[in-house]
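Step one of this worksheet: look at the structure below.
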Amino acid sequence: SPPEDLRAAGQAAEQAGLDEVWLWEDCFLESGIAAASAALAWTDRLVIGIGLLPVPLRNVAVTAMEIATLERLFPGRVRIALGHGVQDWMAQAGVRPESPLSLMREYFTALRGLLAGRTVTVSGDYVRLSDVALGWPPSPAPHLLMGASGPRSLRLCGELADGVVLAGDVSPAAVVAARTVLAEGRVAAARLGEPEIVVYLPALADSGVQAVADDVRRSIDVGATTVVLEPSANEPDIASYFRFAAQAFARVPR
């Protein structure tokens, strides 16, 4: 949807009673941070997720400043996920890394340090910082999620992130398999607790409210902690879709 539709969409989501709206920073459509900031300002309680920010496009210090600013302006109302980005798009922008996993490891580690208020110096293959510290770090530091699908990315996510954003194949079996690999990464890093699992679930309004509610329940049963209903690309009335989504969630057994 064009950026100018966002105000009405966010307000419709809040009026419908939804908890969260998730945005993307897809190339080359619109900025995830700018859109999230506007949506937060136009609403009162809605949580805005950005799933995800493609790290090859973004200097880590700038991303840290932007996330910190959002967290301090709108405490507890922002959820951030980082990802490799679509590699063809990264090539178009001239930032495709030779090793997306190495970039993610360096980037994620530096970003977490900055958001925790530490002074960060790092000289990696991709990330280079010299005595960088945020002037206004958020407190507490926000949870950081990672977009992942393949086993190597999922394992890295389990090692470094507070949770994962899953898109693509989100069948119950795929979610169970992803949890297994995430657990391997968490064990390797000696991390305790269960990760957040955000699932994007394609759901058409004409599928029927109960059918979608049943799909949501199945995702929750296998470990999803957040289920994001994803409309089709040509959804004609996003406000109506939000009302449909609220009705579907209301039918999910608690």
Side-chain angles (χ1 to χ4, degrees), residues 10 19-25 30-85 95 97 100-148 156-165 182 185-186 189-198 225-226:
D19 296 319
E20 304 181 5
V21 166
W22 282 70
L23 308 173
W24 286 84
E25 186 166 82
E30 56 203 53
S31 160
I33 294 290
S37 182
L40 289 161
W42 287 327
T43 56
D44 295 319
R45 59 159 189 83
L46 200 65
V47 171
I48 300 296
I50 306 177
L52 45 77
L53 298 172
V55 300
L57 278 176
R58 312 181 118 265
N59 179 278
V60 68
V62 173
T63 300
M65 289 189 294
E66 291 179 327
I67 294 174
T69 300
L70 285 182
E71 282 286 344
R72 292 184 68 110
L73 287 172
F74 308 100
R77 292 181 59 201
V78 185
R79 300 182 70 188
I80 301 290
L82 309 171
H84 301 299
V95 293
L101 285 171
S102 295
L103 168 58
M104 181 62 78
R105 179 180 293 279
E106 292 178 9
Y107 195 105
F108 209 96
T109 303
L111 180 62
R112 190 178 287 284
L114 291 168
L115 291 173
R118 296 195 290 271
T119 299
V120 177
T121 295
V122 60
S123 180
D125 292 332
Y126 297 99
V127 175
R128 297 177 179 85
L129 298 173
S130 178
D131 294 328
V132 176
L134 294 177
W136 300 102
S139 182
H143 284 194
L144 293 176
L145 310 178
M146 188 184 298
L156 182 67
C157 178
E159 180 183 341
L160 299 179
D162 298 301
V164 66
V165 173
L182 285 169
R186 294 182 78 81
R191 302 193 68 196
L192 302 177
E194 292 294 321
E196 301 169 45
I197 298 179
V198 179
T225 56
T226 298

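Because the structure is predicted, anything quoted here is derived from the model rather than measured.
No donor-acceptor pair closer than 3.5 Å links the side chain of Ser37 to the backbone N or O of Ile33. Of the possible donor and acceptor atoms, none in the side chain of Arg186 sits under 3.5 Å from a partner among the backbone N and O of Glu194. A donor-acceptor contact shorter than 3.5 Å is absent between the side chain of Glu106 and the backbone of Gly124.
Counting only heavy atoms from C-beta outward, the side chains of Arg79 and Thr226 approach each other to under 4.5 Å. Counting only heavy atoms from C-beta outward, the side chains of Val122 and Thr109 never approach each other to under 4.5 Å. Proximity of Val78 to Ile67: side-chain heavy atoms (C-beta onward) are nowhere separated by under 4.5 Å. Taking 4.5 Å as the limit, some side-chain heavy atom of Tyr107 sits within range of a side-chain heavy atom of Thr63.
Legend: residues meeting ring-ring contact (aromatic ring centres under 6.0 Å, His included) with Trp22, ordered by chain and number and at least two apart, are absent.
For the residue pair Pro56 and Leu103, the shortest heavy atom distance occurs at CG-CD2, 3.7 Å. Summarising the geometry of Leu115 relative to Pro142, their closest heavy-atom pair is CD1-CG, 4.0 Å, with the distance given to 0.1 Å. For the residue pair Ala68 and Leu134, the shortest heavy atom distance occurs at CB-CD1, 3.9 Å. The minimum heavy-atom distance linking Met146 with Phe108 is given by the pair CE-CD1, 3.6 Å. Taking every heavy atom of both residues into account, Ile50 and Gly32 meet most closely at CD1-O, 3.4 Å. The two residues Ser31 and Ala34 make their nearest non-hydrogen contact at OG-N, 3.0 Å.
In this structure, Thr121 OG1 and Asp131 CG are separated by 4.0 Å, a value rounded to the nearest 0.5 Å. Distance check: Leu73 CG to Trp136 CH2 gives 12.0 Å after rounding to the nearest 0.5 Å. Note: Glu20 CD to Arg45 CZ = 10.5 Å, rounded to the nearest 0.5 Å. Here CD of Glu66 is found 8.0 Å from CG of Leu53. Values are rounded to the nearest 0.5 Å. Note that CD of Glu30 is 9.5 Å distant from CD of Glu25, once rounded to the nearest 0.5 Å. The NE2 atom of His84 lies 7.0 Å from the CG atom of Leu156; values are rounded to the nearest 0.5 Å.
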With a 3.5 Å cut-off and sequence neighbours excluded, list the donor-acceptor pairs that the side chains of residues 158-165 form with protein atoms.
from, atom 1, to, atom 2, distance (Å)
Glu159, OE1, Arg105, NH2, 3.1
Glu159, OE2, Arg105, NH1, 2.8
Asp162, OD1, Arg191, NH2, 3.3
Asp162, OD2, Arg112, NH1, 3.4
Asp162, OD2, Arg112, NH2, 3.2
Asp162, OD2, Leu144, N, 2.8

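Only one option out of Ile48, Leu46, Val47 pairs with Leu40 in a side chain to side chain contact (heavy atoms under 4.5 Å, CB included); it is Ile48.
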